[in-house]
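Following: one structure in structure tokens, then a few remarks.
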Amino acid sequence: MAEEKLPTRAQDFSEWYNQLVLKAQLADYAPVRGCMIVRPYGWALWENIQGQLDRRFKATGHQNVAFPLLIPKSFIEKEKHHVEGFSPELAVVTIGGGEELAEPLILRPTSETIIGHMWSKWIQSYRDLPVLMNQWNSVVRWELRTKLFLRTLEFYWQEGHTAHATRQEAEDETLQMLGVYTDFAINEAAIPVIPGKKSDAEKFAGADITYSIEAMMGDGKALQAGTSHFLGQNFAQAFEVKYLDQTGVQQHCWTTSWGLSTRFIGAIIMVHGDDQGLVLPPRIAPYQVVIVPIFKNDEEKTGVLGVAKEIKAQLAKANIRVTLDERDGQSPGWKFNDWEMRGVPLRIELGPKDVAKQSAVLARRDRPGKEGKVFASLADLPATVEKLLAEIQDALLAKALTFRRSNTHNAQTYDELKKAVEGGFAYSGWCGNGSCEEKIKEETRATMRCIPLDQEAVLGPGGGSASGKCVYCGQPARNRAIFARAY
RNA sequence: CGGGGCGUAGCGCAGCCUGGUAGCGCGCCUGCCUUGGGCGCAGGAGGCCCCCGGUUCAAAUCCGGGCGCCCCGACCA
């Protein structure tokens, strides 16, 4: 329950986030360092995210599977870059049933290796391809510095894995799934994201190319909200994933993988949240509408609750996710604050006066205070609510996009970049040289987030184009990239 | 892995310096009263004071050791 006010975002963004997660009852700290318990409200949000993603995965031909948590340690060692990237953060099981294991097992940090192992058995012919799989699971990475949702030792996600006969097909798949994430983020979560390509320094351990969607949080920092990897033939070679092509020749498969995690909940919090608490996009909010009844005595209570239940039934019938707050002992004012903390997009306040007038007060979460309140007739309430929810969804996206654009700067010079990354994104030319990228990181703490696929969309209409020179060394730019401090 | 902070009621903390009956606020329970922006009053329940050892007539408090968590910086979704 929300007893107290949050610090404002301006005061202390990090503490605002920490307290909000606890007070909105999204998650709590587990008894083990760095581990998280996702509470019912947080998990309901995740289920809505899952639902929206899963239907997109199915629509693009993928099937869900379940691979085991435990993987032989030797598997991870078969792909050179993969082992280098992941060994520092592996959890290793050495004892089972009281006996030292002949071969240690690892808790999966991701499943490329064990899937590659199985594919080598399952894939024989070009007729077996493509293989399009996804799994919803949790993975373990022994992080040193943790934060609820953003970085925990164990986190929940989905990992998609596909195998293809040709390079082109695999590359197409990688970009297709990046597109799925982009569509989901923008149209369901109202988070404007920049799809782009990662630098070699930032790409996944074992990938040839990594793409990501990058979002700007409310403090101007970047968050990688989803990734899609073109793995080339790296894992196919390490695990002998081969097929016989039409001409009778053995070929290695081309594979991809792509993932989006509960970290995305962190993005939703930090993009839409305000000083009152969480603000959820209607399309994925566990409750889209909360009804708060108001009454003085038993007689009023009976009348108001009767109407409130009718309203609830009507809205539910129109497929609106609605809850009625019947809790005794909390005043309406208390409930207003509580549901604002928990980010419910629309609140219906219903008291005796409203019942008498056959109307209700609708309060928009995205416009706190009186400004966001309107009277609505009970007669056509579901239609009114649907319209408002759609407006709120659009308003959240528009607000986030405006915020991002106003904090994204076309930084032509290194000084401009330094200034821009203090509280936002710098969009700058880059020569493509890793040493320039490294210097920028050392000197400004900003990393290269991505090379946007759609250069024009970054700065928006009339935003100009990035410099043709590398922001660090002044050599001709091969790319235009986003630089920012990141979570 | 470095730096800092904190472990006392469900939560947030005070008490510790200067050893002597364990306290405050919130929450919880009961009753009354209230309810249109975090109501009020009265009564009540709730404690291995993180753990182990030492000093002492006496330890939440002093000393030694351990464990845990959080926050801030280097690596990562």
Side-chain angles (χ1 to χ4, degrees), chain A residues 1-6 12 14-15 17-19 22-23 28-35 84-90 109-110 138-159 181 198 201-205 207 210 212-215 222-229 257-267 276-277 292-298 300-301 304 325 327-341 347-355 359-361 363 368-370 372-373 375 441-442 445 447 449 485-487:
Chain A
M1 234 142 287
E3 321 84 19
E4 298 235 349
K5 285 201 169 111
L6 294 170
D12 187 344
S14 177
E15 193 50 30
Y17 177 90
N18 290 337
Q19 291 191 21
L22 299 176
K23 286 178 175 167
D28 204 347
Y29 294 100
V32 175
R33 178 196 74 85
C35 289
E84 282 170 11
F86 279 111
S87 8
E89 46 189 270
L90 290 180
T110 179
S138 70
V139 288
V140 172
R141 299 179 187 178
W142 212 264
E143 301 290 348
L144 300 175
R145 179 150 173 221
T146 60
K147 200 175 176 82
L148 293 176
F149 288 117
L150 297 180
R151 200 180 297 102
T152 48
L153 297 200
E154 180 187 17
F155 60 92
Y156 302 88
W157 76 343
Q158 57 68 217
E159 45 176 323
Y181 289 153
K198 287 287 192 182
E202 298 283 332
K203 74 184 183 189
F204 174 73
T210 288
S212 72
I213 52 172
E214 298 287 328
L223 183 81
Q224 178 174 306
T227 49
S228 186
H229 314 291
S257 68
W258 26 276
L260 186 147
S261 75
T262 39
R263 166 177 263 200
F264 200 91
I265 292 176
Q276 267 52 256
V292 177
I294 299 159
F295 45 80
K296 285 192 176 63
N297 49 47
D298 279 354
E300 287 184 356
K301 181 178 177 179
V304 168
D325 189 347
R327 284 178 292 182
D328 259 342
Q330 268 90 19
S331 69
W334 192 94
K335 290 177 180 176
F336 295 169
N337 285 285
D338 189 43
W339 290 109
E340 279 171 11
M341 182 68 78
R347 178 178 68 237
I348 298 181
E349 305 172 9
L350 187 76
K353 295 180 215 164
D354 305 301
V355 171
S359 72
V361 174
K370 271 193 174 168
K373 292 196 185 186
F375 284 100
K441 184 176 171 181
E442 280 174 18
R445 281 165 49 220
T447 50
R449 302 316 303 158
R485 292 182 184 151
Y487 279 98

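What's counted below: heavy atoms across the whole structure, side chains too, no hydrogens, waters or symmetry copies. Residue numbers begin at 1 in each chain, while the letters A, B, ... track the order of the sequences.
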| query | According to a strict under-4.0 Å criterion, is A:Tyr29 in side-chain N/O contact with OP1 or OP2 of B:C71? | reply | yes
| Span that lies between the C1' atom of B:A60 and that of B:A9, in whole angstrom | 14 Å
| message | Please name the nucleotide paired to B:A42 by Watson-Crick or G-U wobble geometry with both distances under 3.5 Å, or report none. | response | B:U30
| note | Picking from B:C76, B:G37, B:G36, the nucleotide nearest the side-chain atoms of A:Ile294 would be B:G36
| query | Checking all strands, does A:Val292 fall into the base, sugar-phosphate, or nothing category for heavy-atom contacts under 4.0 angstrom? | reply | nothing
| message | Can you measure A:Trp334 atom CH2 to B:C39 atom P for me and round it to whole angstrom units? | response | 9 Å
| task | Determine the Euclidean distance between corresponding C1' atoms of B:G66 and B:C72; express it in Å to zero decimal places. | result | 25 Å
| task | Give one of base, sugar-phosphate or nothing for A:Gly34, where a contact means two heavy atoms less than 4.0 Å apart. | result | sugar-phosphate
| task | Provide, to the nearest angstrom, the distance between the CH2 atom belonging to A:Trp339 and the P atom belonging to B:G38. | result | 18 Å
| field | Along RNA chain B (nearest heavy atom to each residue), the more 5'-positioned of A:Gly329 and A:Phe149 | value | A:Gly329
| message | Whether A:Lys198 and A:Glu214 form a salt bridge (side-chain N of Lys/Arg under 4.0 Å from carboxylate O of Asp/Glu) is what I want to check. | response | yes
| Which value, in whole Å, describes the distance between the P atoms of nucleotides B:C29 and B:C67? | 40 Å
| query | Taking side chain as C-beta onward, heavy atoms only, is A:Arg141 less than 4.5 Å from A:Phe86? | reply | yes
| query | A:Lys23 side chain to A:Asn18 main-chain N or O, any donor-acceptor pair under 3.5 Å? | reply | no
| field | Salt bridge present between A:Asp338 and A:Arg347 (N-O < 4.0 angstrom) | value | no
| request: Could you please name the option among B:U35, B:C76, B:G36 that lies closest to any side-chain atom of A:Glu349? | output: B:G36
| task | Mind checking A:Gly351 for me? I need base, sugar-phosphate or nothing, with any heavy atom below 4.0 Å counting as a touch. | result | base
Set out, line by line, the N/O atom pairs under 3.5 Å between protein and nucleotides 72-74 of chain B.
unit_1 : atom_1 : unit_2   : atom_2 : d
B:C72  : OP1    : A:Ser14  : OG     : 2.7
B:C72  : OP2    : A:Arg145 : NH2    : 2.8
B:C72  : O5'    : A:Arg145 : NH2    : 3.4
B:G73  : OP2    : A:Arg145 : NH1    : 2.7
B:G73  : OP2    : A:Arg145 : NH2    : 3.0

| request: Please work out if A:Lys353 contacts a base, only the sugar-phosphate, or nothing of the nucleic acid, heavy-atom cut-off 4.0 Å. | output: base
| request: Take atom OH of A:Tyr487 and atom C1' of B:C75, then tell me their distance rounded to the nearest Å. | output: 17 Å
| task | Give a yes or no answer on whether the side chain of A:Gln158 reaches the backbone of A:Leu260 with a donor-acceptor pair at less than 3.5 Å. | result | yes
| request: Could you tell me whether A:Leu150 contacts a base, only the sugar-phosphate backbone, or nothing, with contacts defined as non-hydrogen atoms closer than 4.0 Å? | output: base
Taking only N/O atoms, report every protein-nucleotides 5-10 of chain B pair under 3.5 Å with atom names and distance.
none

| query | Among B:G37, B:U35, B:C76, which is the nearest nucleotide to the side chain of A:Phe295? | reply | B:U35
| task | Grab the CD-P distance between A:Glu89 and B:C1 for me, whole Å please. | result | 15 Å
| query | Are the side chain of A:Tyr17 and the backbone N or O of A:Leu148 linked by a donor-acceptor pair below 3.5 Å? | reply | yes
| remark: Heavy-atom nearest nucleotide on RNA chain B taken for A:Ala30 and for A:Pro88; more 5' hit belongs to A:Ala30
| task | Could you tell me the separation between the CZ atom of A:Arg33 and the P atom of B:C67, rounded to a whole number of Å? | result | 14 Å
| message | Can you confirm if the aromatic rings of A:Trp157 and A:Phe155 lie within a centre distance of less than 6.0 Å? | response | yes
| Within 6.0 angstrom of A:Asn297 CG, more than 12 heavy atoms from elsewhere | yes
| query | Using atom P of each nucleotide, how far apart are B:A22 and B:G31 to the nearest Å? | reply | 32 Å
| C1' spacing across the pair B:C28 / B:G19, given as an integer number of angstrom | 34 Å
| In whole angstrom, what separates A:Leu148's CG from B:C69's C1'? | 12 Å
| message | Can you measure A:Lys301 atom NZ to B:C33 atom C1' for me and round it to whole angstrom units? | response | 15 Å
| message | Any side-chain to backbone donor/acceptor pair from A:Thr262 onto A:Tyr156? Under 3.5 Å, distance only. | response | yes
| Whole-angstrom distance between B:G44 and B:C69, as gauged at atom C1' | 33 Å
| So, A:Lys147 versus A:Ser14: side-chain donor-acceptor pair below 3.5 Å or not? | yes
| message | Keeping A:Thr210 on the side-chain end and A:His229 on the backbone end, is there a donor-acceptor pair under 3.5 Å? | response | no
| C1' atoms of B:G15 and B:C6, separation to the nearest Å | 16 Å
| task | Round to the nearest Å and state the distance from A:Gln330 atom CD to B:G27 atom C1'. | result | 10 Å
| message | Please give the distance between the C1' atoms of B:G43 and B:C33 as a whole number of Å. | response | 15 Å
